[in-house]
Amino acid sequence: MPEIVHDVHEAEAEKYVKHHFVNSAQQMDADTLGMWTFLITEVLFFGGMFAAYAVYRDLYPEAFAATSEFMNVKIGAANTAVLICSSLTMALAVRSAQLSKRKALIGFLIGTLIFGSIFLIVKAFEYHAKYVEHLIPGPNFHPDNLAPQFMHHSQILFFLYFCMTGMHAVHMIVGVGLLTFLIIQAYRNIFNANNFVTVEMIGLYWHFVDVVWIFLFPLLYLIGHWHW
Amino acid sequence: MSSPETSHSHVHIPAVGTLVAVFVALICFTFITAWVATIDMGGEWNILIALAIACTKASLVAWIFMGVRYTSQLTKLFCVAGIVFLSILLFFTFSDYGSRGWTYHGKAWSDNPSKGESKFVSKEKNEEEQKQTEKPQF
């Protein structure tokens with residue numbers, strides 16, 4: 001694949017370099033490293049929930065298998081595709097910022113915002129369906145077609161489902177807020193080939209949230225009914 | 001824009017084709033993983049394949065979309081550190097929960113007599129053994 005190597009002129013780049021950095025390259029490396037450090041804490045934050053899911057799944061496989069029937073695979077797959085689309089538009093937005101293409105940047109950022117919003121709206125409808133079917137863990141948990149012996153352990157899976165997808169959705173909402181901020185900044189023509197680090201860092205965050213969903217989708221929707 | 005003599009840094013801008021290729025691969029993997037989940041491959045393989053596809057997708061996103069490929073060695077080291085930390089979390093969790101069913105010939109470890117073979121068997125194997133021998137319990 002051909003990659004474009006873009007030369008950033010030191011003098012032009014210099015005015016965007018904060019006083020505690022030597023040059024734009026060092027500032028870029030520091031920003032990227034800092035963002036990745038934050039993302040690693042996020043990996044462990046979600047990792048704890050993934051470990052809890054795996055443990056309870058291992059303890060109560062039959063209950064989890066019976067419960068997984070309540071997950072809508074088609075909606076989950078469609079939402080996965082929507083998130084992947086949003087990741088592509090985000091990557092293209094970063095590329096547009098690096099090339100100082102303001103209109104393309106705004107367009108791709110709005111595209112990402114729309115895809116992210118579609119995901120959240122679909123998720124809201126999914127949650128509503130779970131509420132209507134009495135699948136919220138607690139005193140009102142009484143789903144149809146669930147064997148009585150699974151009533152207790154099935155709630156653990158739904159608790160994990162709402163925790164994991166809920167925390168993911170919170171991250172998406174934060175991402176939507178960040179994208180709105182980026183669109184306003186891009187409209188004001190803040191970003192260019194010498195100053196795109198904000199777009200790139202928020203892009204990293206957005207892609208990370210996509211990666212979390214890439215693991216949530218098979219674990220919660222696809223392989224629930226398979227035993228180890 | 002800049003002459004070769006001036007000091008400058010290189011910013012790698014991925015080609016549109018690369019990004020679209022990754023996107024197409026991610027969409028394909030999503031359909032494959034949804035389709036494979038409907039085929040009975042004995043449970044273990046369904047889970048392993050689903051996780052393998054998820055890891056492949058995540059690697060593609062990280063390597064190209066998140067630009068790990070173009071970052072410094074130090075950032076790459078940090079990414080690997082993240083995976084290592086997660087492995088520590090999962091490994092020690094499962095070494096605990098995974099070994100809880102292990103018994104010594106149907107008895108708790110604290111009840112073990114010092115005589116006899118010093119091997120431990122899994123819960124399932126042990127249950128099978130008990131069924132075969134039908135020893136009276138006391």
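Values below: all heavy atoms of this structure, side chains included; hydrogens, waters and symmetry mates excluded. Numbers restart at 1 for each chain; the letters A, B, ... are given by sequence-line order, proteins then strands. Please read all numbers here as calculations on a predicted model, not as lab measurements.
- Judged as a ring pair (Phe, Tyr, Trp, His ring centres under 6.0 Å), not a single pair has a partner in residues 62-118 of chain A (not counting sequence neighbours).
- B/Tyr97 OH to A/Leu59 CG: the interatomic distance, rounded to the nearest 0.5 Å, is 6.5 Å.
- Chain A forms more heavy-atom pairs under 4.5 Å with one residue of B/Thr93, B/Leu86, B/Asp96 than with any other, namely B/Leu86.
- Residue B/Phe94 places its CZ atom among more than 12 non-hydrogen atoms of other residues, nucleotides or ligands, all under 6.0 Å distant.
- No donor-acceptor pair under 3.5 Å is formed between the side chain of A/Arg95 and the backbone N or O of B/Ile13.
- The closest side-chain heavy-atom distance from B/Met66 to A/Leu39 is below 4.5 Å.
- Annotation for A/Phe159: atom CZ does not count as buried by contact number, only 12 or fewer foreign heavy atoms lying within 6.0 Å.
- Looking at B/Val36, neither its backbone nor its side chain comes within 4.5 Å of chain A, counting heavy atoms on both sides.
- Around atom OH of A/Tyr56, no more than 12 heavy atoms belonging to other residues, nucleotides or ligands sit under 6.0 Å away.
- Contact of B/Thr33 with chain A is made through backbone and side chain together, with heavy-atom distances under 4.5 Å.
- Taking each heavy atom of B/Ala58 and A/Val211 in turn, the nearest pair found is CB-CG1, 3.8 Å.
- Per-residue heavy-atom pair counts under 4.5 Å with chain A were compared for B/Gly82, B/Ser72, B/Ala54, and the maximum is reached by B/Ala54.
- Contact annotation for B/Leu19: both backbone and side-chain heavy atoms come within less than 4.5 Å of a heavy atom of chain A.
- There is no contact between B/Phe31 and chain A, counting heavy-atom distances below 4.5 Å.
- Taking the salt bridge (Lys or Arg N to Asp or Glu O under 4.0 Å) definition, one finds that A/Glu126 meets it with A/Lys123, sequence neighbours left out.
- Heavy atoms of B/Thr75 lying under 4.5 Å from chain A belong to its backbone as well as its side chain.
- For the pair B/Phe65 and A/Leu88, the minimum side-chain heavy-atom distance is below 4.5 Å.
- A pairwise comparison of heavy atoms in A/Gly48 and B/Leu89 identifies N-CD2, 3.7 Å as the closest pair.
- At most 12 heavy atoms of other shown residues, nucleotides or ligands fall within 6.0 angstrom of atom CG in A/Asn145.
- Annotation: residues 23-30 of chain B contacts chain A through B/Phe23, B/Leu26, B/Ile27, B/Thr30 [non-hydrogen atoms, separation under 4.5 Å].
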From CA spacing to verdict: side-chain contact (heavy atoms from CB on, under 4.5 Å), B/Lys57, A/Ile84
CA-CA 10 Å; B/Lys57 285 167 75 181; A/Ile84 292 169; 4.3 Å; yes
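- Atom OG1 of residue B/Thr56 and atom CD1 of residue A/Ile214 lie 10.0 Å apart, to the nearest 0.5 angstrom.
- A 6.0 Å sphere centred on CZ of A/Phe38 holds more than 12 heavy atoms belonging to other residues, nucleotides or ligands.
- By the 4.5 Å heavy-atom criterion applied to side chains, B/Phe85 and A/Val43 are not counted as neighbours.
- You'll find the side chain of A/Leu219 reaches within 4.5 Å of the side chain of B/Leu51, heavy atoms only.
- Within the 4.5 angstrom heavy-atom criterion, only side-chain atoms of A/Phe217, from C-beta onward, approach chain B.
- At a 4.5 Å heavy-atom cutoff, the contact between B/Leu74 and chain A is made by backbone and side-chain atoms alike.
- The minimum heavy-atom distance linking A/Ile40 with B/Cys79 is given by the pair CD1-N, 4.3 Å.
- Under the rule for a salt bridge (Lys or Arg N to Asp or Glu O under 4.0 Å), B/Asp40 has no partner lying at least two apart in sequence or in another chain.
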